[in-house]
Amino acid sequence: MSRILIAGCGYVGAATADVFQQQGWEVEGWTASPESAAELSGKPFQIRAVDITDYAAVKDAAVKPFDAVIQSASSRGGGADAYRQVYLAGSRNLIAAFPRGPLLLTSSTSVYAQSSGEWVTESSPAEPERETGRILREAEELVLAAGGTVARLAGIYGPGRSALLRKFLAGNAVLDAAGPRVINQAHRNDIAAALFLLVQQLLAGLGNSAERPIYNVADGHPITDRDCYEWLAAHLRRPMPPTVDAPAPRKRGDSSKRVSSEKLRACGWTPRYPTFAAAMRDSILPNLECLGA
Ligand SMILES: NC(=O)c1ccc[n+]([C@@H]2O[C@H](COP(=O)([O-])OP(=O)(O)OC[C@H]3O[C@@H](n4cnc5c(N)ncnc54)[C@H](OP(=O)(O)O)[C@@H]3O)[C@@H](O)[C@H]2O)c1
């Protein structure tokens, strides 16, 4: 039986663990805290609290070999220091402790700083303006140099999670008077399916060897924030958010681009939720009661 370690068994990691488990893999999931591990104790696979920023802890926990390791831990909204710890030190520790299991890192499409609404592919410049983005790029290079794969995730949403919807419902949403911003999203379940596919591909040595194993994971139907809010306003029968002159800066930067996922689609990935409307209608609005971050 193939074995996978999901280091960072959170919103995306737990859904990904479910996919691997359903496909007959033996799964082990790690969280940072014992509390999060306890919350997942009902899962049909092993969950442990192991801090990936602590090499001794990772080494101690690395008792069994894995066929592959997914590093999907998040900085939980932290700044540059947290990024250095979780993404850089975390990836380095996992590579050192599991030299045989190739690593798949969940990075972010925020590494593309493009701001004119242009399409970006994996070969477009990825030159983030913020320090956090530059640290993420460093972690990506570390993983690629070790023979791993990088999945650049767009804004994650799904059951219980949509930052846009949460802001809209709380009355905190605003539109920028300077014009709409193009945003890119991916449904949690589609991300989990993509990570499963990429691990299989990594293990089979598939893919175009002339290209670096970097894959954008986005639904491929970018949408402006204005269009999202218009959809929500119409479907929830609520007023549009106000337009303001200088909205607060966004954590992941002020980029505005259209992220292509053609490379991943060419590998056989077809998102179940290819648009904002499909995800909202079929998955997120029916699960409104647990809307979190
Ligand atoms: N949010 C977005 O829209 C977005 C967009 C692009 C990319 N991403 C990336 O996608 C990945 C998955 O995000 P997510 O939303 O699923 O994250 P999440 O829900 O915040 O879950 C993160 C998981 O990582 C664990 N973790 C954090 N630090 C750890 C450590 N030092 N050692 C071991 N485990 C640790 C957490 O455990 P605890 O619960 O115990 O803290 C939690 O289980 C992350 O890499 C994130 O940066 C996110």
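First listed ligand is number 1; within each ligand, the first listed atom is number 1.
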[X] side chain to [Y] backbone, donor-acceptor under 3.5 Å:
| X | Y | result |
| --- | --- | --- |
| Ser72 | Gly8 | yes |
| Ser261 | Ala218 | yes |
| Glu138 | Arg84 | no |

List every atom of ligand 1 that sits less than 4.0 Å from any heavy atom of [X], numbering the atoms from 1 in the order shown and giving each element.
| X | answer |
| --- | --- |
| Ser36 | 38 (P), 39 (O), 40 (O) |
| Gly155 | 3 (O) |
| Ser33 | 38 (P), 40 (O) |
| Val12 | 16 (O) |
| Asp51 | 30 (C), 31 (N), 32 (N) |
| Ala154 | 5 (C), 6 (C) |
| Thr53 | 31 (N) |
| Leu153 | 5 (C), 6 (C), 7 (C), 10 (O) |

**Report entry** Candidates Arg137, Arg152, Glu140 - the one meeting side chain to side chain donor-acceptor pair (under 3.5 Å) with Ser107
**Finding:**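 For Ser107, the side chain to side chain donor-acceptor pair (under 3.5 Å) test succeeds with only one of Arg137, Arg152, Glu140, which is Glu140.
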Taking distance alone, with N or O pairs closer than 3.5 Å, would you say [X] contacts ligand 1?
| X | value |
| --- | --- |
| Ala7 | no |
| Ser75 | no |
| Ile156 | yes |
| Gly13 | no |
| Ser74 | yes |
| Ala73 | yes |
| Thr109 | no |

Query - Plane angle bin for Trp30 and Phe98 - parallel if under 30°, tilted between 30 and 60°, otherwise perpendicular - result: tilted
Query raised in the report: Taking the inter-plane angle between the rings of Tyr229 and Phe168 on a 0 to 90° scale, is it parallel (under 30°), tilted (30 to 60°) or perpendicular (over 60°)?
Result: parallel
Compute the minimum heavy-atom distance from [X] to ligand 1 and say whether it is under 4.0 Å.
| X | answer |
| --- | --- |
| Ser72 | yes |
| Arg161 | yes |
| Gly29 | no |

With a 4.5 Å heavy-atom cut-off, do [X] and [Y] have their side chains touching?
| X | Y | answer |
| --- | --- | --- |
| Ser255 | Tyr112 | no |
| Arg238 | Leu232 | no |
| Gln21 | Ile4 | no |
| Gln185 | Ile223 | yes |
| Val19 | Leu195 | no |
| Leu198 | Trp269 | no |
| Phe196 | Trp25 | yes |

Tell me which part of [X] gets within contact of ligand 1: side chain, backbone, both or neither, using heavy atoms under 4.0 Å.
| X | value |
| --- | --- |
| Val50 | backbone |
| Tyr87 | side chain |
| Cys9 | backbone |
| Arg76 | side chain |
| Gln185 | neither |
| Ala49 | neither |
| Ser107 | backbone |

Query raised in the report: Do NZ/NE/NH1/NH2 and the carboxylate oxygens of Glu122 and Arg212 come within less than 4.0 Å?
Result: no
Query raised in the report: Given Asp219 and Asp190, is the side chain to side chain contact (heavy atoms under 4.5 Å, CB included) satisfied, shown in steps?
Result: CA-CA 8 Å; Asp219 68 14; Asp190 288 328; 5.9 Å; no
